Amino acid sequence: MAIICSICGKKQSSFASDYPLSSTHLQERICSDCENRKQKCIVSSRSDFEKYKVCKEEFLSFVSENVSSSVRNGINQIISECDSHFQEHENAVELKNQISNYMMTSGFNFEGWRITKYIKVISAETVLGTGFASEFSASVANLLGTETDKFAKKFEQAKDSSLSKLISKAIDLNANALIGVDFDYPLIYNNIIAVIASATAVVVEKVEE
């Protein structure tokens, strides 16, 4: 008995492999070709982002006009989840670009710019794990350059992480700059070190010459 693909409507032998449309639509069976297109769409929405739109269009182009409402709902659910993953990636890229180009200074003004609004003082932190302080002290005591470099790299990564979180908070407050950027490295309980970034979120505008 031939099996009809729920997506493209193609008939195939009962000996050929078929697959469920999704985990919530197990009764709706699809052919191997549609399964491959579906998987390419799903995978690209999570990792191979540059190919996602092409894979999505290819998957949808094989959807028959006569599919049932149940199949249509299943397809829409798949695409909705893929779009959500892809949008998360797009938002992350946009935020990364905003962070890399964000105006900030350890001082309290920008040459050629005027502060029009002081929003609030904000802070963000990244915690370095238990025992970090002891390990770091031991590495310095032993004067092992490679070990000290390793810890310095961890500090720098934690500093970058705190700064990124700080900028993200400022963006959420509709600030377009940070002034008075400062870092603190308090020792917390159980040899845990925190890297705290703080600054004042402000709005600035270019001074017309």
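Residues: numbered from 1 along the sequence shown. Note that the structure is a prediction, hence the values are computed from the model and not measured.
- The backbone N or O of Cys55 sits nowhere less than 3.5 Å from a side-chain atom of Ser44 that would complete a donor-acceptor pair.
- For the pair Lys38 (side chain) and Phe59 (backbone), a donor-acceptor distance under 3.5 Å is absent.
- Looking at Lys169, its side chain never comes within 3.5 Å of a backbone N or O of Ile122 through a donor-acceptor pair.
- Ionic pairing of Asp83 and Lys56 is present here: one or more N-O contacts between side-chain nitrogen and carboxylate oxygen are shorter than 4.0 angstrom.
- Side-chain polar atoms of Gln77 and Thr24 form a donor-acceptor pair below 3.5 angstrom.
- Here the closest non-hydrogen pair linking Arg72 and Ser64 is NH2-O, 3.7 Å.
- Ser162 contributes no side-chain N or O that, together with a main-chain N or O of Ala197, makes up a donor-acceptor pair within less than 3.5 Å.
- Distance alone, capped at 3.5 Å, places no donor-acceptor pair between the Ser80 side chain and the Asn76 backbone.
- In this structure, Phe155 and Tyr185 have perpendicular ring planes: the angle between them is above 60°, well past the 30° mark.
- The closest side-chain donor-acceptor pair between Thr126 and Ser161 falls under 3.5 angstrom.
- Although no hydrogens or angles enter the test, the distance criterion places no donor-acceptor pair under 3.5 Å between the side chain of Tyr52 and the main chain of Cys41.
- Between the side chain of Asn176 and the backbone N or O of Val204, at least one donor-acceptor pair lies under 3.5 Å.
- Under the 3.5 Å distance criterion, with hydrogens and angles disregarded, a donor-acceptor pair is assigned to the side chains of Gln39 and Glu35.
- Ionic pairing of Arg114 and Glu205 is present here: one or more N-O contacts between side-chain nitrogen and carboxylate oxygen are shorter than 4.0 angstrom.
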